[in-house]
Amino acid sequence: MAAHFFTLSIITLSLFVVASSGELESELVADLLTLQSESKSGVIHLDDRTVSKFLTYPRTPRPYSFLIFFDAANFHDKPELRLRELRQEFEIVASSFITNHNSSNTKLFFGDIEFRESQSSFQLFGVNSLPHVRLVGPTAKSLKDDSDVMDQGDFSRLAESMAEFVESRTKLTVGPIHRPPVLSKMQLGLITALLLLCLPLVAKRIFAGETLLHDPKIWLFGAVFVYFFSVSGAMHNIIRKMPMFLVDRNDPNKLVFFYQGSGMQLGAEGFAVGFLYTVVGLLLAVMTHVLVYVKDATAKRLAMLFTLLVSFWAVKKVILLDNWKTGYGIHGFWPSSWN
């Protein structure tokens with residue numbers, strides 16, 4: 001009789017613990033949904049207290065995962081960290097995920113932790129460098145050792161990279177990224193109205209041949225600009241949003257315009273190489289389209305010699321810079337009969 005009573009007591013206690021645990025998990029999820037709805041982007045602002053409440057205190061497995069962006073407001077003015085931009089991209093991922101799942105998904109939440117407010121949480125996660133994004137899964141007991149860290153090299157594609165990181169570590173699908181429009185509806189309406197007002201005047205000047213597009217000099221400068229834009233890596237700078245220069249970590253008063261290493265190219269070094277290429281291209285254009293009309297043979301020879309020397313110097317500078325940056329060397333090969 002006593003044995004049956006003891007067994008019944010154990011079963012009752014176990015059911016009570018399970019029910020209490022399930023009720024606690026439901027309360028946590030409800031609190032997270034409330035905080036998420038109060039945030040404009042859906043990113044929940046965490047501090048030491050809420051990290052303990054939602055991540056440290058609950059037993060594993062938790063009914064949700066957490067993608068956390070570690071931020072430091074006093075470092076937002078450092079362009080090499082790109083914290084402000086990455087924070088905006090993180091918010092885009094969060095809002096896109098919530099929109100794509102109709103605000104009903106409770107398996108993944110997005111949060112951010114600010115350094116000055118939550119230094120203990122930074123130590124708890126072992127965060128010692130920024131930018132830093134970390135995914136805490138349902139079974140993570142140690143927030144430092146059991147959570148997944150996003151590689152800093154994956155930040156190049158911004159929101160898309162973060163979405164791929166989530167999908168690769170979980171069984172969830174983020175869905176399409178919804179970026180805010182560049183222009184609002186009011187701005188588009190004003191631009192359309194201005195275009196309609198200017199249309200008669202523009203049409204009149206086009207038919208009269210009095211526009212800038214009828215000026216050959218504009219096409220010449222446009223061609224040079226397109227050439228410079230193509231060879232200077234300007235499109236790379238726009239897509240990757242690369243800074244023109246960095247601040248030297250060893251000397252904050254010193255600026256770094258050329259980054260040694262093949263993993264990154266600053267805007268200034270791309271423009272420098274583009275300028276050298278453009279100089280060579282313009283000199284070759286002068287030789288083939290202008291110099292042919294010069295009748296003085298001596299002047300032609302001097303101009304050609306000057307062009308060859310400057311072009312050789314410019315190409316040599318590009319090769320030396322490439323060798324310094326990547327470590328790869330370019331060697332010349334002479335005819336075997338010259339040896």
Side-chain angles (χ1 to χ4, degrees), residues 79-80 156 198 201-248 251 253-339:
E80 66 272 20
S156 58
C198 296
L201 178 61
V202 173
K204 179 181 178 180
R205 296 183 66 89
I206 290 176
F207 289 119
E210 299 176 353
T211 66
L212 293 176
L213 297 179
H214 292 83
D215 188 351
K217 296 179 181 179
I218 298 298
W219 290 98
L220 174 62
F221 286 114
V224 174
F225 172 76
V226 170
Y227 179 80
F228 175 79
F229 188 87
S230 302
V231 299
S232 65
M235 184 58 69
H236 169 272
N237 297 337
I238 294 174
I239 295 176
R240 299 293 183 89
K241 298 184 178 180
M242 301 301 298
M244 291 295 295
F245 55 85
L246 297 176
V247 178
D248 194 335
D251 185 2
N253 297 322
K254 183 180 179 182
L255 300 179
V256 177
F257 293 94
F258 294 86
Y259 182 85
Q260 188 173 16
S262 58
M264 184 175 67
Q265 173 180 300
L266 298 176
E269 59 184 291
F271 286 155
V273 173
F275 172 76
L276 294 176
Y277 278 134
T278 303
V279 168
V280 174
L282 288 175
L283 289 175
L284 293 177
V286 170
M287 287 180 60
T288 56
H289 291 78
V290 177
L291 202 58
V292 293
Y293 295 103
V294 178
K295 296 181 180 181
D296 189 349
T298 302
K300 282 186 177 181
R301 293 189 182 98
L302 291 176
M304 292 178 65
L305 180 62
F306 174 79
T307 299
L308 290 175
L309 290 175
V310 173
S311 299
F312 179 81
W313 172 83
V315 174
K316 183 179 179 181
K317 287 294 183 181
V318 173
I319 293 175
L320 291 176
L321 178 60
D322 180 73
N323 177 258
W324 171 81
K325 183 175 180 63
T326 65
Y328 295 107
I330 300 177
H331 306 281
F333 295 92
W334 303 105
S336 57
S337 60
W338 291 13
N339 297 328

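Model, not experiment: these values are computed from the prediction.
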Please output the side-chain donor-acceptor pairs of residues 285-305 that fall under 3.5 Å, not counting sequence neighbours, one pair per line with the distance.
from, atom 1, to, atom 2, distance (Å)
Thr288, OG1, Leu284, O, 3.0
Thr288, OG1, Ala285, O, 3.3
His289, ND1, Ala285, O, 3.4
Asp296, OD1, Thr298, N, 3.1
Lys300, NZ, Val294, O, 3.1

Task: Considering all heavy atoms, the nearest Tyr227-Tyr277 contact - done: OH-O, 3.4 Å

Run the side-chain donor-acceptor check on residues 217-226: report pairs under 3.5 Å with partners two or more places apart or on a different chain.
from, atom 1, to, atom 2, distance (Å)
Trp219, NE1, Leu213, O, 2.6

- [ ] Mind checking side chain to side chain contact (heavy atoms under 4.5 Å, CB included) for Leu321 and listing every partner two or more places apart, or none if nothing turns up?
- [x] Phe258, Val273, Trp324

Task: Partner set under side chain to side chain contact (heavy atoms under 4.5 Å, CB included) for Leu320, not counting sequence neighbours - done: Lys316

Open item on the list: If I take atom CH2 from residue Trp313 and atom CG from residue Leu309, how far apart are they, to the nearest 0.5 angstrom?
Closed with: 12.0 Å

- [ ] Would you mind reporting whether Phe257 and Leu266 have side-chain heavy atoms less than 4.5 Å apart?
- [x] no

Task: Minimal non-hydrogen separation, Thr278 against Gly274, with atom names - done: OG1-O, 2.7 Å

Task: Sequence-distant partners of Val310, side chain to side chain contact (heavy atoms under 4.5 Å, CB included), two or more places apart - done: Val279, Leu283, Phe306

Open item on the list: Could you tell me if the side chain of Phe271 sits less than 4.5 Å from the side chain of Phe228, heavy atoms only?
Closed with: yes

Task: Set of side chain to side chain contact (heavy atoms under 4.5 Å, CB included) partners for Ala314, sequence neighbours left out - done: Leu276, Val280

